[in-house]
Amino acid sequence: MENFRQNVSLSEYSTMRLGGKAAYLTEVEDEAALKNAVAAAKVLNLPIIMIGKGSNIIWRDEGYPGLVLVSHIRGFSVKDDELGSYVTIGSGEIWDEAVAKTVELGLTGIECLSLIPGTVGATPVQNVGAYGQEIAQTLVTLSAYDLQTDQMVTLSASDCDFSYRNSIFKTTAQGRYLITSITLMLSKGNPLPPFYPAVSNYLETHGISQFTPAALRQAVIAIRRAKLPDPNTIANSGSFFYNPVVDSNVLATLEERYSVVPHWDVDNGKVKLSAAWLIAEAGFANYYDQATGIATWPTQALVFINQSANQTANLLQFAQQVKTKVAQQFGVELMMEPQLLP
Ligand SMILES: Cc1cc2nc3c(=O)[nH]c(=O)nc-3n(C[C@H](O)[C@H](O)[C@H](O)COP(=O)(O)OP(=O)(O)OC[C@H]3O[C@@H](n4cnc5c(N)ncnc54)[C@H](O)[C@@H]3O)c2cc1C
């Protein structure tokens with residue numbers, strides 16, 4: 001209890017810099033501190049949530065009526081066997097620093113996930129992915145505190161039930177596990193082509209033919225820096241909506257009206273449309289909405305920027321405006337990617 005801060009502004013704990021107050025908040029550095037904090041919160045009958053850097057959270061203006069635990073649990077260790085290198089990383093480590101360390105060790109598997117903001121512990125939650133890699137491809141196990149049984153548990157990748165930007169941590173087991181570390185299986189050596197088109201193009205135009213993990217990391221960093229705002233200086237939560245997955249007949253109808261409709265094929269005759277394209281075509285490319293203080297990022301309309309909003313209600317109002325226009329114009333429903341909490 002003595003380490004709990006009270007009435008803490010949650011805008012400091014979201015890269016969108018919006019949200020009400022947490023009734024209680026504490027930063028935990030190790031498993032023992034986590035267990036003590038949970039025990040104290042349970043005595044007070046408080047809801048509990050664990051977070052990292054808040055780069056995928058939109059807090060409501062009402063705030064969080066319980067205890068927010070911020071993970072600062074550190075650790076980075078490597079064990080080799082004949083299959084590869086098992087890398088165990090504490091949940092409070094900064095994800096991009098962990099990626100950099102694995103690349104320095106000459107390991108491949110997560111280099112295309114470079115520069116994704118946030119902490120290691122959040123990566124399984126939405127199965128983070130970018131440029132052809134996702135955490136589901138390399139995660140072997142994770143350790144977590146189970147709030148239901150009050151025990152530390154080890155979950156395997158199949159327990160996590162990963163899919164596109166999704167896992168049990170966002171569905172059936174939402175709020176149940178406080179992740180303390182993850183273990184990845186990475187390989188020594190160089191990644192093999194084909195690479196994601198944007199990465200291939202970058203390598204080709206820069207005359208890079210040695211496909212080392214470091215070369216791919218540098219390529220991804222350069223591509224991301226050119227396209228995305230840095231949440232440390234510009235308030236944003238990355239992609240605001242998922243790319244919608246629709247039946248191929250929806251694509252066919254759109255292709256009758258537009259000469260090019262960006263899309264990717266997925267399983268079962270479905271296609272994934274580009275939410276950025278839909279938003280831009282609906283009139284929100286490089287757009288500033290004076291009424292709400294929210295803008296879209298000039299080089300990527302899917303990223304919403306908090307330019308001058310001071311309430312989450314402003315952001316949600318702008319998001320609704322975009323959703324409505326896209327639904328009217330294309331008959332496609334956009335779903336919000338960052339978690340709206342509580
Ligand atoms: C500019 C920008 C670009 C981005 N690009 C990408 C991208 O390319 N691909 C992608 O997938 N995502 C992307 N994101 C989203 C975001 O970076 C990731 O979702 C990231 O993993 C969130 O990390 P975090 O520590 O900030 O998590 P938070 O926002 O703090 O938390 C996110 C969720 O995870 C839960 N959580 C966090 N830590 C723990 C823990 N230790 N135990 C249990 N639950 C936990 C929280 O309760 C919450 O539900 C981007 C965001 C921004 C701002």
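Just the heavy atoms: all of them, side chains too, but no hydrogens, waters or symmetry mates, feed the values below. In each ligand, atom 1 is the first atom listed, and ligand 1 is the first ligand listed.
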* For atom 16 (C) of ligand 1, the protein heavy atom that lies nearest, with its residue and separation -> S55 OG, 3.7 Å
* Side chain, backbone, both or neither: which part of I179 has a heavy atom under 4.0 Å from ligand 1? -> both
* Kindly indicate whether the side chain of L186, heavy atoms from C-beta on, has any atom under 4.5 Å from the side chain of L105. => no
* Asked: Is K35 close enough and on-axis enough to Y145, meaning under 6.0 Å and within 45°, for cation-pi?
  -> no
* Structure fact -> Check: of L113, L178, N56, min heavy-atom distance to atom 29 (O) of ligand 1 comes from N56
* Structure fact -> Of L228, T123, N236, the residue with the heavy atom nearest atom 1 (C) of ligand 1 is N236
* Asked: Can you list the ligand 1 atoms lying under 4.0 Å from a non-hydrogen atom of I51?
  -> 30 (O), 37 (C), 38 (N)
* **Any P229 heavy atom less than 4.0 Å from ligand 1** => yes
* **Close approach, R165 and ligand 1, non-hydrogen under 4.0 angstrom** => yes
Which atom pairs, donor and acceptor, lie under 3.5 Å between side-chain atoms of residues 328-342 and protein residues at least two apart or in another chain?
from, atom 1, to, atom 2, distance (Å)
Q329, NE2, Y258, OH, 3.4
Q329, NE2, E281, O, 3.2
E337, OE2, Q126, NE2, 3.3

* To do: Please assess R217 against D96 for the test salt bridge (charged side-chain N to carboxylate O under 4.0 Å, His left out), listing each intermediate value before the final yes or no.
  => CA-CA 10 Å; R217 172 170 163 79; D96 188 54; 2.8 Å; yes
* To do: Mark the output for R224 as yes if a heavy-atom distance to ligand 1 is under 4.0 Å, and as no if none is.
  => yes
* Asked: Taking only heavy atoms of Q339, which atoms of ligand 1 are found under 4.0 Å from at least one of them?
  -> 33 (C), 48 (C), 49 (O)
* Kindly indicate whether the side chain of L278, heavy atoms from C-beta on, has any atom under 4.5 Å from the side chain of P244. => yes
* To do: May I have all residue pairs that pass ring pair (Phe, Tyr, Trp, His ring centres under 6.0 Å) and include part of residues 207-250, sequence neighbours excluded?
  => F195-F211, F240-F304, F241-F304
